[in-house]
Trainee: 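Below are the structure tokens for one structure; questions will follow.
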Amino acid sequence: MDETKHHRKRRMVEKEKSSDSSEDENYVPYIPVKQRKNKQRQEIEKRLGRAEALKEEEGMKDSTNEEEEEEEEEEEETEISQGPKSHLSLLDQHNELKKKAEARKESAREKLLKEEEKILESVAEKKALMGVAELAKGIQYQESIKTGWKPPRYILAMPESRHEKIRKKWHILCEGEDLPPPIKTFKEMKLPKPILSALKKKGIIHPTPIQVQGLPAVLLGRDMIGIAFTGSGKTIVFALPIVMFCLEQEKRLPFIKNEGPYGLIICPSRELAKQTNELIHYFCQALESNGYPSLRVLLCIGGTAIKEQLEVIKRGVHIIVATPGRLMDMLNKKMILLDVCRYLCLDEADRMIDMGFEEDVRTIFSYFKGQRQTLLFSATMPKKIQNFARSALVKPVTVNVGRAGAASLDVIQEVEYVKQEAKMVYILECLQKTSPPVLIFAEKKQDVDAIHEYLLLKGVEAVAIHGGKDHEERTWSMDKFRKGEKDVLVATDVASKGLDFPDIQHVINYDMPEDIENYVHRIGRTGRCGKTGIATTFVNKTVDESILLDLKHLLIEAKQKIPPFLATLHTESEKYLAIGDDVGCSYCGGLGHRIADCPKLEALQTKQAQNIGRRDYLSHNSADW
Ligand code: ADP
Ligand code: MG
């Protein structure tokens with residue numbers, strides 16, 4: 001007993017002297033400690049020297065990838081056969097080790113991914129996004145709708161490798177069976193001359209990437225999920241083909257009274273529906289004034305008289321652009337029939353489902369009588385919604401330009417720490433950053449009103465919109481702002497999706513939205529179609545940490561300046577954020593966490609139970625939409 005105690009003491013003293021911690025438990029007493037230590041030290045030095053040499057050879061090693069280094073070191077310790085005396089060169093040895101480490105990491109990743117998939121599955125919507133009637137009848141369409149449009153023959157004759165090259169060059173990711181070829185000019189898309197000149201009049205001469213790949217897909221009749229940055233021209237991808245199809249239809253067999261619609265476009269806000277309606281109307285006018293048949297497009301939104309809308313329907317309408325509430329209302333009352341409708345587009349699809357319109361969308365689907373072409377568009381499209389929606393699509397093509405949920409790179413994003421009580425005053429200072437027009441977003445209606453009042457008091461030409469205002473005021477404010485008669489528009493998220501104001505210079509976020517997707521959509525009101533803009537976001541300690549982390553990683557992705565209070569914000573799981581190409585949360589799309597830590601998922605049950613619509617758009621009653 002005494003003997004061992006003594007030994008242990010000696011060993012401890014020796015340890016202090018040598019400052020070497022790699023003490024062996026199987027102490028062998030008959031080798032003098034000093035000698036043994038020396039030997040060990042030599043070995044360690046050798047090994048360190050080797051590691052040093054390896055690092056030198058490798059040159060620029062990613063210093064952030066500590067995990068990898070650690071694993072490699074571990075590997076080296078166990079693989080004695082690969083010591084300096086081995087016949088393999090150091091570089092080869094290193095490569096070998098690296099491969100092994102990678103493989104091990106790969107399997108860990110796979111495990112994590114599998115676990116995440118399970119979580120995603122368990123929270124996936126039980127019912128698919130198919131219409132109730134289709135589900136009941138068990139109808140499964142296998143083939144896409146046939147259209148009269150074909151790509152030019154010489155493009156069809158080109159090899160797939162040419163198409164792949166173009167997609168790569170334009171950063172277009174395209175998934176699905178029988179991918180349609182990308183087409184680089186509007187002319188080759190066989191659009192009628194009046195359309196080409198109408199586009200030109202708007203300064204639209206060359207298609208954007210989403211149009212290069214998206215238009216051929218939609219024109220061919222394919223179902224599609226289109227994901228591209230805010231302001232990258234998604235509207236044209238679904239607006240032009242439906243005009244073309246109606247034209248074809250009208251030429252063959254003109255619409256009679258009470259017939260139609262042939263195409264239906266659903267938008268999450270009245271203002272967006274109005275804007276989309278105007279664009280389609282513009283194309284129809286261009287055709288009509290050049291001797292083509294007249295096409296009728298109808299806007300069905302809340303806040304307007306149903307009677308007028310009914311009259312247009314009675315004359316026979318080709319295209320309806322609607323918000324879900326009013327559409328549901330008119331479908332229920334059998335004022336609109338979808339018997340001949342063959343084309344359905346959900347613009348800002350993920351937002352619409354996220355806003356609680358899922359059941360409405362499902363019901364709308366059930367009114368279709370035959371097969372339809374279904375299109376979903378947005379700048380953000382969490383996997384949860386992609387998977388869920390795919391069930392409603394037939395042989396879908398997914399066209400993806402940039403990561404789903406990534407912010408537009410043409411927006412300079414500034415995030416500033418502003419105390420709650422200082423926010424209002426700071427807005428005035430922020431307004432100095434750029435010339436008008438400026439958009440200010442706030443989550444709550446009361447805040448919008450307060451900001452609006454404050455700005456008016458300070459002599460700023462401001463208007464405001466939110467769901468609590470009556471339709472006339474909303475329309476009036478939007479018109480004034482669009483025309484440039486007012487400098488500032490203060491709004492809730494009703495104005496954050498899809499609205500295309502000319503030349504917004506600056507978006508100010510009075511508060512950070514609860515969802516990072518809404519942030520992406522808000523700041524996407526500026527920096528549209530090649531122009532640049534600024535977004536300033538006020539945050540303070542009232543903001544949830546998880547949303548700040550999402551924001552931080554979004555800023556990193558967009559190569560923006562990271563303010564110190566965000567830079568110092570860390571979490572345990574931060575190093576696992578990216579697994580290969582799979583970045584962030586697969587449920588909500590946030591970049592600052594993985595699905596296992598998703599705060600939205602956690603909040604889901606409580607929210608569902610309470611069914612409280614804190615955000616503005618949920619406080620609409622359905623007739624209002
Ligand atoms: P998104 O729906 O992707 O946010 P929009 O369809 O609203 O974007 O288009 C944004 C703006 O870009 C619109 O003003 C539109 O006229 C313009 N635009 C669309 N396509 C083109 C193009 N190919 N070239 C130039 N401008 C375009
Ligand atoms: Mg849009």
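Each ligand, and each atom within it, is numbered from 1 in the order the structure gives.
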Trainee: Please report whether ligand 1 has a polar contact with S232, defined as an N or O pair separated by less than 3.5 Å (distance criterion only).
Mentor: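 Looking only at distances, the answer is yes, because the N/O contact criterion of under 3.5 Å is met.
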Trainee: Do D354 and R351 meet the salt-bridge criterion of a basic N to acidic O distance under 4.0 Å?
Mentor: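 Between D354 and R351 there is a salt bridge, with a charged N closer than 4.0 Å to a carboxylate O.
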Trainee: Which of the numbered atoms in ligand 1 are below 4.0 angstrom from a heavy atom of R528?
Mentor: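 Per the distance check, 1 (P), 4 (O), 5 (P), 7 (O), 8 (O), 10 (C).
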Trainee: Got a sec: does the NZ of K190 have more than 12 other heavy atoms crowding it under 6.0 Å?
Mentor: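 Counting other residues, nucleotides and ligands, NZ of K190 exceeds 12 neighbours.
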Trainee: With heavy atoms only and a cut-off of under 4.0 Å, state how F229 meets ligand 1: side chain, backbone, both or neither.
Mentor: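 The backbone, only.
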Trainee: Under a 4.5 Å cut-off applied to non-hydrogen side-chain atoms, are H506 and T526 in contact?
Mentor: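 No, too far: nothing below the 4.5 Å cut-off.
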Trainee: Nearest protein heavy atom to atom 4 (O) of ligand 1, by residue and atom, and its distance?
Mentor: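 Answer, as residue, atom name and distance: G231 N, 2.6 Å.
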Trainee: Could an N or O of ligand 1 be found under 3.5 Å from any N or O of T230, whether backbone or side chain?
Mentor: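 In this structure, T230 places no N or O atom under 3.5 Å from an N or O of ligand 1.
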Trainee: In the protein, what heavy atom is nearest to atom 8 (O) of ligand 1, and what distance, to one decimal place, separates them?
Mentor: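 The closest one turns out to be G233 N, 3.2 Å.
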Trainee: Is the distance between the ring centroids of Y343 and Y262 under 6.0 Å?
Mentor: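 Centroid distance Y343-Y262: not below 6.0 Å, so no.
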Trainee: Quick one: which ligand 1 atoms are inside 4.0 Å of a heavy atom on H206?
Mentor: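 Those qualifying, in numeric order: 22 (C), 23 (N), 24 (N).
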Trainee: What I want to know is whether F186 and ligand 1 share at least one N or O pair that is separated by under 3.5 angstrom.
Mentor: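 No - when backbone and side-chain N and O of F186 are compared with those of ligand 1, no distance drops under 3.5 Å.
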Trainee: What's the shortest distance from atom 3 (O) of ligand 1 to any protein heavy atom, and which residue and atom give it?
Mentor: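 Its nearest protein heavy-atom neighbour is K234 NZ, 2.8 Å.
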Trainee: Just to verify, which of I562, L551, L591 counts as forming a side chain to side chain contact (heavy atoms under 4.5 Å, CB included) with I556?
Mentor: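 Between I556 and the candidates, side chain to side chain contact (heavy atoms under 4.5 Å, CB included) is satisfied uniquely by I562.
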Trainee: Heavy-atom distances under 4.0 Å are what count here, so tell me which part of Q211 touches ligand 1: side chain, backbone, both or neither.
Mentor: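 Within the 4.0 Å criterion, Q211 contacts ligand 1 through side-chain atoms alone.
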Trainee: Can you check whether G203 has an N/O within less than 3.5 Å of an N/O in ligand 1?
Mentor: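 No.
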Trainee: Using a 4.0 Å cut-off to any heavy atom of P207, which atoms of ligand 1 qualify?
Mentor: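 Going through ligand 1 atom by atom, the ones under 4.0 Å from P207 are 23 (N).
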Trainee: Taking atom types as modelled, find out whether T185 and E188 have a side-chain donor-acceptor pair closer than 3.5 angstrom.
Mentor: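 There is such a pair (donor and acceptor under 3.5 Å, judged by atom type) between the side chains of T185 and E188.
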Trainee: List the closest protein heavy-atom neighbour of atom 14 (O) of ligand 1: residue, atom name, distance to the nearest 0.1 Å.
Mentor: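 In this structure, atom 14 (O) of ligand 1 has D500 OD2, 2.4 Å as its nearest protein heavy atom.
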Trainee: Could you check, using the six-membered ring where one of them is a Trp, whether Y510 and F441 have ring centers closer than 6.0 angstrom?
Mentor: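 They do not qualify: ring centres at least 6.0 Å apart.
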Trainee: Which ligand 1 atoms does T235 reach within 4.0 Å, using its non-hydrogen atoms?
Mentor: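 Within the 4.0 Å cut-off of T235, ligand 1 contributes 2 (O), 5 (P), 6 (O), 7 (O).
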Trainee: So, Q309 versus T304: side-chain donor-acceptor pair below 3.5 Å or not?
Mentor: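 A donor-acceptor contact under 3.5 Å links the two side chains.
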Trainee: Checking side chain to side chain contact (heavy atoms under 4.5 Å, CB included) between L272 and each of R270, Q275, K274, which is the one that passes?
Mentor: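 Per the side chain to side chain contact (heavy atoms under 4.5 Å, CB included) rule, the option paired with L272 is Q275, out of R270, Q275, K274.
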Trainee: Atom CD of residue position E278 - does it have more than 12 heavy atoms of other residues, nucleotides or ligands inside 6.0 Å?
Mentor: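 For E278, atom CD is crowded (more than 12 foreign heavy atoms under 6.0 Å).
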Trainee: So, does A228 sit close enough to ligand 1 that a heavy atom of it is under 4.0 Å from the ligand?
Mentor: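 No heavy atom of A228 comes that close to ligand 1.
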Trainee: Side chain, backbone, both or neither: which part of T208 has a heavy atom under 4.0 Å from ligand 1?
Mentor: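 Both the backbone and the side chain of T208 come within reach of ligand 1.
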Trainee: Provide the number and element of each atom of ligand 1 under 4.0 Å from a heavy atom of C529.
Mentor: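 Here the atoms of ligand 1 in question are 12 (O), 17 (C), 18 (N), 21 (C), 25 (C), 26 (N), 27 (C).
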Trainee: Applying side-chain hydrogen bond (donor to acceptor under 3.5 Å, both in side chains), can you list everything that pairs with T147, at least two apart in sequence or on another chain?
Mentor: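 Residues passing side-chain hydrogen bond (donor to acceptor under 3.5 Å, both in side chains) with T147: none at all.
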Trainee: Counting non-hydrogen protein atoms only, what is the nearest one to atom 16 (O) of ligand 1? Give residue, atom name and distance.
Mentor: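 Closest protein heavy atom to atom 16 (O) of ligand 1: I204 CD1, 3.6 Å.
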